[in-house]
There are 2 protein chains.
Amino acid sequence: MGIKERKIKHKEDLKQSILDAAKKVFLAEGYEATSIRKIAAEIEFSPTTIYLYYKDKNEIAHALHEEGFKMLSEKFQVLAHVEHPFERLKAMGRIYMQFALENSDYYELMFIMKDPIKAFENGCVEEEWDEGKRAFNALVNTIQQCQQAGYFKGFETNSFALVVWSTMHGLCTMKTHGQLELIVQRKEILTDVKDAFTHTFECFVHVLERLK
Amino acid sequence: MGIKERKIKHKEDLKQSILDAAKKVFLAEGYEATSIRKIAAEIEFSPTTIYLYYKDKNEIAHALHEEGFKMLSEKFQVLAHVEHPFERLKAMGRIYMQFALENSDYYELMFIMKDPIKAFENGCVEEEWDEGKRAFNALVNTIQQCQQAGYFKGFETNSFALVVWSTMHGLCTMKTHGQLELIVQRKEILTDVKDAFTHTFECFVHVLERLK
DNA sequence: TGAAATAAATTAACAGTGTTAAGTATATTT
DNA sequence: AAATATACTTAACACTGTTAATTTATTTCA
């Protein structure tokens, strides 16, 4: 009775099981296709049961959004071993880019979609955007250390960090949303899309290098 | 018989009337709430009539997306009177930002949503992304002129243009999607959100100025 | 142990979505 | 006047998130 066993396991912590099921559907079909009914079918419960554990779909979106931040911060772990702050900043950018491309659905949920944010606007989730802030702080700290090493002198640290993040965020979204592909389509110089993405990043790195 | 007169006028060019109705609902309630049924109710026709003039909702999204580009390019007209290329670039950025804030729904449709792009992927619309390309070309040309004036020397023009656009796009989306607000919330230095947005832009301008 | 109270899950329903196939008037052509 | 073509509508499908009311299961207490 594999199904029954699974059901018992589910009951132990149904909230987590719902999230797991949501994640499964989400990864296989994207957020758009992740309906309450599909999640319910996955765990063999009624759709309305989900509302006993999550206030609404936004709260599930927020939970997935948190998962995404856990993933990203794990990938950021390796940065601790990069001593030179500017090298660390570059590595950070590359990790961020890679994450955005390889987990574009998560990226969407973390930085583009409004649904997960609505969750703590509607009072579902108590905390503020701790995950996002932590990630941003890591960037601010690295930039601060770059400044101590002679880079970006005369720039207000927070504003500069926002510029850097904006650039990376803009580039990643333009890539994953297809605008980059459309723009580059007939531009002879940057024929390959992959190149446009990488070249733009490298160009940005050159810009930063010039600010020493 | 105001209604009947209107109906006759509609029949003259129903396709345009549908678009006008779509725009009305879209501006009043945003794209999410712009349903086929609402558009139909607006022009007092059956919902299915719309499918006689537009293949699907993506095609309507694309039509609105075109309207947005017309609006933006109109606002860009004033740039012709700005002689100095770097001043023009800055003005371009400010116009872009203002447009994104004041017409955030249009901006969403033009640069973030995938639906309008699907329209010419699904063969609804013949042309490529001409509007986007034209806007991007304006940016490339300005940057090229900046380079001739001694700015951004040694940078590949197209890549540099993509960096600039990425930064502006990233900043605007972070603003309109609320991330900027959340990040700044507890950062003591940039308490005001409006300030964070403006300050980041100004910081970016300083970055560009340093590349002379 | 058996009845009452509590908790957990379900059924049915609401109000909406994009979209399609089939049917009905209206206008045009033969 | 009959046949054809055009324009539009009705009805329906297969979904969506969400809520209220109801049933089922578990626990508490006399």
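FYI, side chains are in, hydrogens and waters are out, and symmetry mates aren't considered; it's all heavy atoms of this structure. Each chain gets a letter, A, B and so on, in the order its sequence line appears, and its residues count up from 1.
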*Report yes or no: is there a donor-acceptor pair, N or O only, under 3.5 Å between the side chain of B/R37 and the base of C/dG16?*
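Checked by distance alone, the answer is no.
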Nearest whole angstrom, please: distance from the [atom2] of [N] to the [atom1] of [X].
| X | N | atom1 | atom2 | value |
| --- | --- | --- | --- | --- |
| B/D56 | C/dT17 | CG | P | 17 Å |
| B/K55 | C/dG18 | NZ | P | 17 Å |
| B/Y54 | C/dG18 | OH | P | 15 Å |
| B/I50 | D/dT10 | CD1 | C1' | 15 Å |
| B/K57 | D/dC15 | NZ | P | 19 Å |
| A/Y51 | D/dA20 | OH | C1' | 14 Å |
| B/Y31 | C/dT17 | OH | C1' | 12 Å |
| A/I36 | C/dG16 | CD1 | C1' | 16 Å |

*Looking at five pairs on each end of the helix from C/dT1-D/dA30 to C/dT30-D/dA1, what is the angle between the two axes, given to 10 degrees?*
30°
*Charged tip of A/K57 within 45° of A/Y31 ring normal and under 6.0 Å*: yes
Report yes if some heavy atom in the side chain of [X] is under 4.5 Å from a heavy atom in the side chain of [Y]; otherwise report no.
| X | Y | value |
| --- | --- | --- |
| A/F26 | A/I60 | no |
| A/L19 | A/E67 | yes |
| A/F111 | A/T173 | no |
| A/L171 | B/L162 | no |

Report all side-chain donor-acceptor pairs from residues 86-100 of chain B shorter than 3.5 Å, counting only partners two or more places apart or in another chain.
{"from": "B/E87", "atom 1": "OE2", "to": "B/K90", "atom 2": "NZ", "distance (Å)": "3.2"}
{"from": "B/R88", "atom 1": "NH1", "to": "B/V82", "atom 2": "O", "distance (Å)": "2.9"}
{"from": "B/R88", "atom 1": "NH1", "to": "B/E83", "atom 2": "O", "distance (Å)": "3.1"}
{"from": "B/R88", "atom 1": "NH2", "to": "B/Q145", "atom 2": "OE1", "distance (Å)": "2.0"}
{"from": "B/Y96", "atom 1": "OH", "to": "B/Y107", "atom 2": "OH", "distance (Å)": "2.7"}
{"from": "B/Y96", "atom 1": "OH", "to": "B/W165", "atom 2": "NE1", "distance (Å)": "2.9"}
{"from": "B/Q98", "atom 1": "NE2", "to": "B/E102", "atom 2": "OE2", "distance (Å)": "2.9"}

*Flag the pair B/E29 and B/K38 as a salt bridge only when some basic side-chain nitrogen lies within less than 4.0 angstrom of an acidic carboxylate oxygen.*
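The answer is yes: the pair qualifies as a salt bridge.
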*Taking atom types as modelled, find out whether A/E156 and B/H206 have a side-chain donor-acceptor pair closer than 3.5 angstrom.*
no
*asked:* Nearest heavy atom decides the nucleotide; on that basis, is A/S46 or B/P47 closer to the 5' end of DNA chain C?
replied: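 Its nearest nucleotide being more 5', the pick is A/S46.
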*asked:* I need a per-nucleotide contact map over nucleotides 22-27 of chain C, read 5' to 3'. Cutoff is protein heavy atoms under 4.0 Å; write B for the base, S for backbone only, - otherwise.
replied: ------
*Is the ring centre of A/F69 less than 6.0 Å from the ring centre of A/Y106?*
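They do not qualify: ring centres at least 6.0 Å apart.
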_Please determine whether a side-chain nitrogen or oxygen atom of B/Y53 lies at a distance below 4.0 Å from atom OP1 or OP2 of D/dC8._
yes
*What nucleic acid atoms does B/T49 come within less than 4.0 Å of, heavy atoms only: base, sugar-phosphate, or nothing?*
base
_A/A33 vs A/T48, nearer the 5' end of DNA chain D by closest nucleotide_ = A/A33
